[in-house]
Amino acid sequence: MPAPTALPDPATLSQLHERIGAWFRAHARDLPWRAPERTPWEVMVSEFMLQQTPVNRVLPVWREWLRRWPTPAALAAESPGEAVRAWGRLGYPRRALRLHAAAAAIVAEHDGEVPADRETLLGLPGIGAYTAAAISVFAFGHRETVVDTNIRRVQARLISGRALPGRGMTAAEMRLAEALLPRDREDSVRWNIAVMELGALVCTARSPRCEECPVLADCAWVAAGRPEPEVAPKGQAWHGTDRQARGALMAVLRAASAPVPRALLLDPRLPEQAHGSAAEADDVVRAVRALRRLEAPPEQLRRCLEGLLTDGLAAEPTPETVALP
DNA sequence: TAGACGTGGAC
DNA sequence: TGTCCAAGTCT
């Protein structure tokens, strides 16, 4: 059972707003998707890419993506496979597929303009509670409660006195975020991004930099003597998993511009065939060797390939070959 | 609601 | 080295 959460009184809350706001003005990173002239589409692309992926890895892919596809219509005009290829090594390539599908829906149903309200955004592929709120706030300046993993962690420590939030978001956390949100619209936008930034830079999951925290004196977790987390981390297995095998299969498809023989994917011990340019052939050979090194059971490779086809991450131009969709 | 879903950097 | 973690979404 979560510890009871005492809401700060109005004076304290106002002080929290002030201190975290001042900290943000002094320490915020200069991230391109925060520039005031950014379009809603540019913000939306950043939010998709930032789902479970660190800022530093997103930056170059975001720039190249928007150079190629500066509008939803530009992306929708491409094949989904090109989106998956441009996604590169960001991970969770289904996000590329969903971003492409969302662009198509925006063109088909919203005159090519990113919707401004949370409810409409929620109807788009790949947009859940967090991303809908984030786009509404960061692209359109609306007053909405945004609750991401950073904000949950800051709230858990600062207000609830716990080391980490639980696995799933609770209604209580949502209510707490609403209660903390400044009334003024512009202040609320600033608050959301500032708390996220505080969580990302100072109130981090592993080794929080409490000495740099602007609200250290108000922190319920510190006041409680920094108790240990209540829930043990889940621990993601990796070696030998389907996720690893799917990733290796996708790497081969991304590297190849021509369809790849199905037999090569299912039995990567086969000799690689020539693919396109010499440079590309090198990339394909490298990817196939990485797949081979997994020494995944043939049964697993078959299952994973079928999964990629089912998910739409791969297609079969012919019965004997596989390619990006 | 718990589990699946990529990838690479930090400790 | 292995574990943990990252602006989540979907089923």
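By convention in this document, chain letters (A, B, ...) are assigned in the order of the sequence lines, proteins followed by strands, and residues within each chain are numbered from 1. Worth saying up front: this structure is predicted, and the values here are computed from it rather than measured.
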Which nucleotide span of DNA chain B, 5' end to 3' end, has atoms closer than 4.0 Å to non-hydrogen atoms of chain A? B:dC5 to B:dA10

B:dA10 and C:dA7, which share atom name P, separated by this distance in whole Å: 14 Å

Please identify each residue that fulfils side chain to side chain contact (heavy atoms under 4.5 Å, CB included) with A:Ala77, with sequence neighbours left out. none

Hey, does A:Met196 have a side-chain heavy atom less than 4.5 Å from the side chain of A:Phe138? yes

Which sits closer to the 5' end of DNA chain B, A:Ser207 or A:Gly88, going by the nucleotide each is nearest to? A:Gly88

Readout for nucleotides 6-11 of chain C: B = base within 4.0 Å of protein heavy atom, S = sugar-phosphate only, - = neither; 5' to 3' it is BBBSS-

P gap between B:dG6 and C:dT11, integer Å: 14 Å

Does any donor atom in the side chain of A:Glu82 or A:Ser79 lie under 3.5 Å from an acceptor atom in the other side chain? no

Applying the side-chain contact (heavy atoms from CB on, under 4.5 Å) test to A:Val84, which of A:Leu253, A:Leu99, A:Leu324 qualifies? A:Leu324

Test ring pair (Phe, Tyr, Trp, His ring centres under 6.0 Å) applied to A:His110 - qualifying residues, sequence neighbours left out: none

How would you list all residue pairs meeting side chain to side chain donor-acceptor pair (under 3.5 Å) that involve residues 197-207 of chain A, not counting sequence neighbours? A:Arg29-A:Glu197, A:Arg34-A:Glu197

May I ask you to list the residues sharing a hydrophobic cluster with A:Trp221, side-chain cutoff 4.5 Å, ordered by chain and number? A:Leu216, A:Val222

Given A:Arg162, which of A:Arg153, A:Gln155, A:Glu230 fulfils the side-chain contact (heavy atoms from CB on, under 4.5 Å) condition? A:Glu230

